[in-house]
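In what follows, a structure is listed as structure tokens, so that the remarks can point back to it.
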Amino acid sequence: MVNTKVALSGITLDNPIIPASGTFGYGYEFAELYDINLLGSFSFKGTTKDPRFGNPTPRIAECTGGLINSVGLQNPGIEKVIHEELPKMRKVFHKPVIANISGFSVEEYAYCCEKIDKEGQIGIIEVNVSCPNVHHGGMSFGTSPEAAAEVTRSVKAVTTKPVYIKLSPNVSDIVSIAKACEEAGADGISLINTLMGMRINLKTGKPVIANKMGGFSGSAIFPVAVRMVYQVYEAVKIPIIGMGGVSSAEDVLEMMLAGATAVQVGAANLVDPFVCKNIIEDLPRVMKKYGITDLNHIIGGAHK
């Protein structure tokens, strides 16, 4: 027997596999394909204060080893999520879920997090600091240690649930930002969000995506994600949820050896809706192959 259970801020997961925000909706579409309660948890669609239609189309471009998206946080807004989406989700998923929250001001982050914190099924609040700060020239909150810390403090002041800050990799020093979030009271770190990428249509000579650039995700970014998880693990004492290009049980073990306690699967869900189920079912076999009896024993193992 092998032990696949892990714990995030006091919440025990049956396994470390978590579909990433924006790739799994609110779960109920996937629940038509298999029993999603076999997941460790999942992070639902990024939520903002007001409804958002998102960016103009086309907003998806394929590329070698991944895809580029510029969906633009399309979502129905916090009120509709709480009153319509969460009740539907509760019918198909019976474990604590991760709420992914986005905002365009510190006040908006705090407003949404305070609202979602009151929902019983929410186990962890994952705060996406890759959004532009509309009050300070549009720079992403996640590109500055000071701005990321300010968001962290404001959210922690109005919540009771564990808060994980989801970091952008599009920075020169992700370690200083992670440390700033920890010092500001974050309970954990999620990383990495998408890299920035672009495709150009050779026939038209124009960018494929209407927004020109978008978030680059998929298996091609996995080595970057492993490197950043490794670096942040060395610098902070709070748990890490690792993500970025994960598509197999072997990838999960590698991410955990780098320092992740749990692992999110993103773009792979868009290629194969059964990928998380397949990873969970394959995990015991791969653990036995490498002589691993308990996943908790390998977290950060590459640092020893």
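For the numbers below, each heavy atom of this structure counts, side chains included, while hydrogens, waters and symmetry mates do not.
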Next item on the list: Using the side-chain contact (heavy atoms from CB on, under 4.5 Å) rule, take N3 and L295 through it: C-alpha gap first, then chi angles, then the decisive distance, then the call.
Entry: CA-CA 6 Å; N3 179 35; L295 285 180; over 6 Å; no
Notebook entry, point to check: Given N193 and S130, is the side chain to side chain donor-acceptor pair (under 3.5 Å) satisfied, shown in steps?
Noted result: CA-CA 8 Å; N193 208 329; S130 298; 3.2 Å; yes
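- Side-chain atoms of R199 come within 3.5 Å of backbone N or O of E62 as a donor-acceptor pair.
- Summarising the geometry, atom CD1 belonging to I101 is positioned 12.0 Å from atom CD belonging to E114; distances are rounded to the nearest 0.5 Å.
- Between Y109 and F141, the two ring planes are perpendicular [angle over 60°; tilted spans 30° to 60°].
- In the displayed structure, L202 atom CG is contacted under 6.0 Å by at most 12 heavy atoms of other residues, nucleotides or ligands.
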Notebook entry, point to check: Yes or no on side-chain contact (heavy atoms from CB on, under 4.5 Å) for I18 and L8, after CA distance, side-chain angles and deciding distance?
Noted result: CA-CA 12 Å; I18 302 169; L8 287 174; 4.2 Å; yes
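- The main-chain N or O of S70 is never found under 3.5 Å from a side-chain atom of N211 such that the two would form a donor-acceptor pair.
- Atom NZ of K179 has 12 or fewer neighbouring heavy atoms from other residues, nucleotides or ligands inside a 6.0 Å radius.
- A donor-acceptor contact shorter than 3.5 Å links the side chain of T4 to the backbone of D14.
- Side-chain contact, S9 with D187: no donor N or O sits under 3.5 Å from an acceptor N or O.
- Inspection of the T48 and N75 side chains reveals an N or O donor paired with an N or O acceptor under 3.5 Å.
- N269 and T23 are linked by a side-chain donor-acceptor pair at a separation below 3.5 angstrom, with hydrogens and angles left out of the test.
- Each of I98, V81, N100 was scored for a side chain to side chain contact (heavy atoms under 4.5 Å, CB included) with F44, with one residue passing: V81.
- Heavy-atom neighbours of K304 NZ from other residues, nucleotides or ligands within 6.0 Å: above the threshold of 12.
- Aromatic rings from F42 and F93 are positioned such that their centres are separated by under 6.0 Å.
- Within 6.0 Å of NZ in K115 there are 12 or fewer heavy atoms belonging to other residues, nucleotides or ligands.
- Proximity of a side-chain donor or acceptor of S21 to a complementary backbone N or O of G46 within less than 3.5 Å is detected.
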